[in-house]
Amino acid sequence: MPEVAIVNYELGNLRSVENALEYLGAKAGIVSEPSRLSDCSHIILPGVGAFGEGMQNLKSAGWAETLCEHVKIQKKPFLGICLGMQLCAAKGTEHGLNEGLNFIGGTAERMPEDGHTVRIPHIGWNTLTPPAGSRMLAGLPEKPCFYFVHSYALTNPAPEFLIGHAHHGEPFIATAEHENIWCAQFHPEKSQKDGLRLLRNFIEMRD
Amino acid sequence: MLQTRLIPILLLKNGQLVRSETFSIHQIIGDPIHEAKRFNEWNVDELIYLDITKGEYNVQRRADHKSQGMEDPLAILDAVSKTCFMPLTWGGRIRTFEDAAERFTRGADKITLNQVLFDAPELISKIALRYGSQAVVASIDATGNAAEGYRVCTKGKDKIHEFSPVQWAKNLEDMGAGEILLQSVERDGTGMGYDTELIHLVSRAVKIPVIACSGVGTYEDYAKGIEAGASAVAAANIWHFKELSDKNGKRAMKRAGLNVRL
């Protein structure tokens, strides 16, 4: 049985991620000590909040290096959710320029808005088109629908990542996946049955 | 494409689910935990809970009541977040940063603030800095009508403020609110339909999403709220007294040409 570590870096609603994983029958725990990652098979970096503060918390608690070891070297299945996805970029521009974990390259940048039909934060349910060969979105309907809450999105990730786009005024990156690294800009733990299916794909991921 | 959200609002008073009329009459209609499970089965877009209890809790537990945790209204959050994999917003009785933090810890994705913003407006930015703007829904209660103009009010209509809803909404946006929940005291619980002029004025004045509320009597009212400029539509009473309120509400929105998650 997969043992999923939910990284607690003091930002966001971790309980809902844990509740969803438990509902799916996985063993999941909120982990506050980087050394505990050795005991787990899967890692989720959740998070809601600002890039700068998120990265600062990850660094000051010693997460950044340990995550790099388990994700990039040991290649444990990894899922970044919302801010957790953005923190995987090389850098972010929220409240000043900050360096990210750089698992997928690129920049987390503010999304364009027009203030009328295209409002920021982008809040609500949006459909996306799964890219061909997606393992993350396998078994989902043709137009799966997920819950998004964000103002920033990933741009220019490394070319090896398979990208799923959603549309808010213009297309933006909603999913990125390559080998053991999966990222979702939306909240699968808040996206009812489509989201639960994605999380099931994740806990069933083997490398 | 972004789908237009349809949001049930559940009103809680002394741990019981109630229906409301003009912010003054409240009738007990049931058990909040049971209702939440029903909404989850319906696959609704989002849930908003508003605890409208004034002063001390006065729990009137019925001898035959099967639900638990009625003494602690936040126990509803614990229970709901375990089974409802959808966004949850919690509002009412939040006075401090710690009050908000507790609700996030117990499963809320967003909190809504209203009255406290007149006494401690800095609370928005404090919460937004820690949890993000998207986690703060600022609620505005408006009184008045299109002909005579509108004012913001709190405590029902006991306190009428000098601000118009447009001015207040702009202030709240500047302070860092992520969404506006817009209510009309005169329309609340009447089934007369949304106050579309009010919705139009406020949603034109701000760039953040506006959730229309108050007055829904038929499913056709939802699309009128969106046409007036709202980004999402909410209602309370209609969910309790009609069958298949989610599906039929969404169908009416789709018939009106809106994108909805069916």
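Every chain is numbered from 1, with letters handed out A, B, ... down the list of sequences.
- Legend: residues meeting side-chain hydrogen bond (donor to acceptor under 3.5 Å, both in side chains) with B:Glu122, ordered by chain and number and at least two apart, are absent.
- In terms of heavy-atom pairs under 4.5 Å with chain A, the best-connected choice from B:Gly132, B:Pro87, B:Cys84 is B:Pro87.
- Residues satisfying the side-chain contact (heavy atoms from CB on, under 4.5 Å) test with A:Ala89, not counting sequence neighbours, are A:Leu154.
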N/O donor-acceptor pairs between chain B and chain A, cut-off 3.5 Å:
from	atom 1	to	atom 2	distance (Å)
B:Met1	N	A:Asn126	OD1	3.1
B:Met1	N	A:Thr127	OG1	3.1
B:Leu2	N	A:Asn126	OD1	3.4
B:Gln3	N	A:Trp125	O	2.7
B:Val44	O	A:Gln192	NE2	3.0
B:Asp45	O	A:Trp125	NE1	2.7
B:Ser81	O	A:Asn19	ND2	2.9
B:Phe85	O	A:Gln192	N	2.9
B:Met86	O	A:Lys190	NZ	3.0
B:Gly107	O	A:Asn13	ND2	3.3
B:Ala108	O	A:Asn13	ND2	3.4
B:Asp109	OD1	A:Asn13	ND2	3.1
B:Asp109	OD2	A:Lys190	NZ	2.8
B:Lys110	NZ	A:Tyr147	OH	3.1
B:Arg130	NH1	A:Glu10	O	2.6
B:Arg130	NH2	A:Glu10	O	3.1
B:Ser203	O	A:Arg119	NH1	3.4
B:Ser203	O	A:Arg119	NH2	2.9
B:Val206	O	A:Arg119	NH1	3.0
B:Ile208	O	A:Arg119	NH1	2.8

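- Interface remark: B:Ala108 contributes backbone atoms only to the contact with chain A (heavy atom separation under 4.5 Å).
- For the pair B:Ser214 and B:Ser184, the tightest heavy-atom approach, listed with the atom from each and the gap, is OG-N, 2.9 Å.
- The shortest distance between side-chain heavy atoms of A:Pro46 and A:Ile6 falls below 4.5 Å.
- The side-chain heavy atoms of A:Leu58 and A:Leu101, taken from C-beta on, include a pair separated by under 4.5 Å.
- Contact between A:Leu83 and A:Ala50 at its shortest, heavy atoms only, is CD2-O, 3.7 Å.
- Closest of all the heavy-atom pairs between B:Val44 and B:Trp239 is CG1-CZ3, 4.0 Å.
- With a threshold of 4.5 angstrom between heavy atoms, B:Val206 approaches chain A through its backbone and through its side chain.
- The aromatic ring centres of A:Phe148 and A:Phe172 sit less than 6.0 Å apart.
- Of the listed residues (B:Ala135, B:Gly229, B:Pro209), the greatest number of heavy-atom pairs within a distance under 4.5 Å of chain A belongs to B:Pro209.
- Residue A:Ala20 touches chain B through both its backbone and its side chain, counting heavy-atom pairs closer than 4.5 Å.
- Applying the ring pair (Phe, Tyr, Trp, His ring centres under 6.0 Å) criterion to A:Phe103, with sequence neighbours excluded, gives A:Phe78.
- When each of A:Ile123, A:Val149, A:Leu128, A:Val118 is checked for heavy-atom pairs under 4.5 Å with chain B, A:Ile123 comes out on top.
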